[in-house]
Amino acid sequence: MGESNKATTPSNAGKSMDAIVALCKRRGFIFQSSEIYGGINGFWDYGPLGVELKRNLKDAWWHDVVRCPPDGPDGQPIDMVGLDSSIIMNPKVWVASGHVGGFNDPMQTCHQCKKLLRADHVLDLLWESKWLMSLAEYLDGLTNTDPEAQERAQSWAKKEGKKLAPGLAFVRGDAKAISLLIIELALCLPSRNKLHPNPPFCPYCGGDLTEPRQFNLMFESHAGPIKDDDNKVYLRPETAQGIFCNFRNVVDTSRVKVPFGIAQVGKAFRNEVTPRNFTFRSREFEQMEIEFFINPDSAKQWYAYWRDSRYAWWQSIGLAGENLILREHDKDELAHYAKDGAGTSDIEYKFPFTAPGFGELEGVAHRTDFDLRQHAQHSGLRDKLKYFDQDLQVQLQSQGVSKEEIAKRSKYFPHVIEPSAGADRGALALLCEAYTPDDTRPSKVYMRFHPRMAPIKAGVFPLVNKDGMPEVARKLYRELRGRFAVQYDAKQSIGKRYARMDEAGAPYCFTIDGQTLTDQTVTVRHRDTQQQERVSIDRVPAFLAEKVGSP
RNA sequence: GCGGGUGUAAUUCAGUGGUAGAAUGCCAGCUUCCCAAGCUGGACGUCGGGGGUUCGAAUCCCCCCACCCGCUCCA
């Protein structure tokens, strides 16, 4: 890494990912999973400080999204409830969601240039490939039965073919190996008529492609004692489907009315081809997802509401400034389920390893009614999964709409706005944002966490470990620890203790000194400025509560 | 999955075939009335793992694993 991280924007200047990873290990934020056995690719453990950080993030999310979400567009409180669904579900769920069929894309690799390709993209790429176009030009519309076609192909192989398609069998030396298929393919180019569903030629070099192979994007296991296909189950690749599958349960039992949301925090698993960038792309990760169910007519309004309020939320916990952006997707990058929707946005953070680019923290998507319809169909429940909108019914009645029309319009599949955030990515962004090199202080670096996110809220120290100070400090510590994550430390010099708290990112330190014993005040040392002030020892809990907030 | 690089203490790193080291951190004690001060003592190593060559391997060879970079992928 090193070199690539030096030339970033001012807000990322001096932040090396290597140094952040080292600090995470040294201070107990994040460890490699199974480290004593050599680790395992794509899996990570959170240490004592890391788990506090991630828990603060998840607790803040739960509080700000489930218990007390921002008021709706009409200024009224919105309905939101929580859920905790199982990781392993009936495998039909993943057929309905499309994960079993659609996302298990067969892949092919090129024997010559080793490129990895999606089998269903090969033909399209071939039509655009330079070498095939060049060959087609040489053949100039001859028919494939024309003997001249082979001669021209041979002369092409000796000239352009050498540069454009070094991997192609007859270019590589076997001049007799001119494949009829290749010639036919080239002749088809203008009309793009498919001759072969998977022509085994690399679009980049002309090399031989392997047979299409299935990549396992979902982790599989077996429920029950017999390990056969009848018992095959999947570890969920997203928490969302647990919410959709419980849509009716929640509606029937919770007195919620559209518009309302169901929120869930939980682990998800994806067998990523290439785990990369520390915890950013892991095979086991934690999601914080909301499915917000709405009347389709209000999709635009609610999409904008969630997009903007989720962006504001990440800012509120300390990801501010130019490192955080809100990016609306272009039409062509929309997921299959969002093509007809009001839009999709990413909330993205400029990580040291993505800079000057950005990496996704949260996606806000209008998923239309795709998922509920899929489950309605696959479960056989059909219209029973529809929502009966009694408010709408009353409203339509008062407008004098016909009974038939009312029956039709007040039963529908709600549309869904899905704000889906990555807890591990969020924690990683908090770590990167907090990491602040500072050569002027003893620790050379401090973690500038937002007080609400900080794993340790405060240190409590006796200035010297005698003269009655430890007793007073311990008493304060015992008072505070019931409400806040605080640490007591009396060892070594006061400077070392401040430095340790800087690296852990504790925003405050309370120090009992000689003056405390006479006037009942303590010093508060502020992490970011290193400034001190005196407050009455009685006021310390209130001081912390005010600064740290809740939860 | 491909190519390149790296892997020695908690961290950063030195150590090119002959007794595993340094700095920082950590722990204990002394000292210390505000920023890793000082002094004394201490603990911590499967040298990424396994196999091979050798009288002898951190060092040479083979296989594997992990991390970083690039490609590819990312519903």
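Chain A is the first sequence line, chain B the second, and so forth, proteins listed ahead of strands; every chain is numbered from 1. Model, not experiment: these values are computed from the prediction.
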Please tabulate, for the side chains in residues 38-54 of chain A, all donor-acceptor contacts under 3.5 angstrom to protein atoms that are two or more places apart in sequence or on a different chain.
| from | atom 1 | to | atom 2 | distance (Å) |
| --- | --- | --- | --- | --- |
| A:Trp44 | NE1 | A:Phe278 | O | 3.3 |
| A:Tyr46 | OH | A:Asp424 | OD2 | 2.7 |
| A:Lys54 | NZ | A:Glu286 | OE1 | 2.9 |
| A:Lys54 | NZ | A:Asp424 | OD2 | 3.0 |

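- Of the residues in residues 525-539 of chain A, those with a non-hydrogen atom less than 4.0 angstrom from any atom of RNA chain B are A:Arg525, A:Gln530, A:Gln532.
- Qualifying side chain to side chain donor-acceptor pair (under 3.5 Å) partners for A:Glu533, counting only residues two or more places apart in sequence or in other chains: A:His526.
- Every residue meeting the side chain to side chain donor-acceptor pair (under 3.5 Å) condition with A:Arg307, not counting sequence neighbours, appears here in chain and number order: A:Glu328.
- With sequence neighbours excluded, the residues that form a salt bridge (Lys or Arg N to Asp or Glu O under 4.0 Å) with A:Arg534 are A:Asp513.
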Table of protein N/O atoms under 3.5 Å from nucleotides 5-9 of chain B N/O atoms:
none

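- Applying the side-chain contact (heavy atoms from CB on, under 4.5 Å) rule to A:His375 yields the partners A:Val93, A:Ala96, A:Gln241, A:Phe244, A:Cys245, A:Leu385; only residues at least two apart in sequence or on another chain are considered.
- Residues that satisfy the side chain to side chain donor-acceptor pair (under 3.5 Å) test with A:Arg26, not counting sequence neighbours, are A:Glu503.
- Listed by chain and number, the residues in a side chain to side chain donor-acceptor pair (under 3.5 Å) with A:Arg497 amount to none (sequence neighbours excluded).
- The salt bridge (Lys or Arg N to Asp or Glu O under 4.0 Å) search around A:Arg500 returns A:Asp489, not counting sequence neighbours.
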Restricting both atoms to N or O, compile the protein contacts to nucleotides 36-40 of chain B shorter than 3.5 Å, with distance only.
| from | atom 1 | to | atom 2 | distance (Å) |
| --- | --- | --- | --- | --- |
| B:rA36 | N7 | A:Pro442 | O | 2.6 |
| B:rA36 | N7 | A:Ser443 | N | 3.0 |
| B:rA37 | OP2 | A:Ser493 | OG | 2.7 |

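- Evaluation of the side-chain contact (heavy atoms from CB on, under 4.5 Å) rule for A:Lys444 yields A:Asp439 as partners, not counting sequence neighbours.
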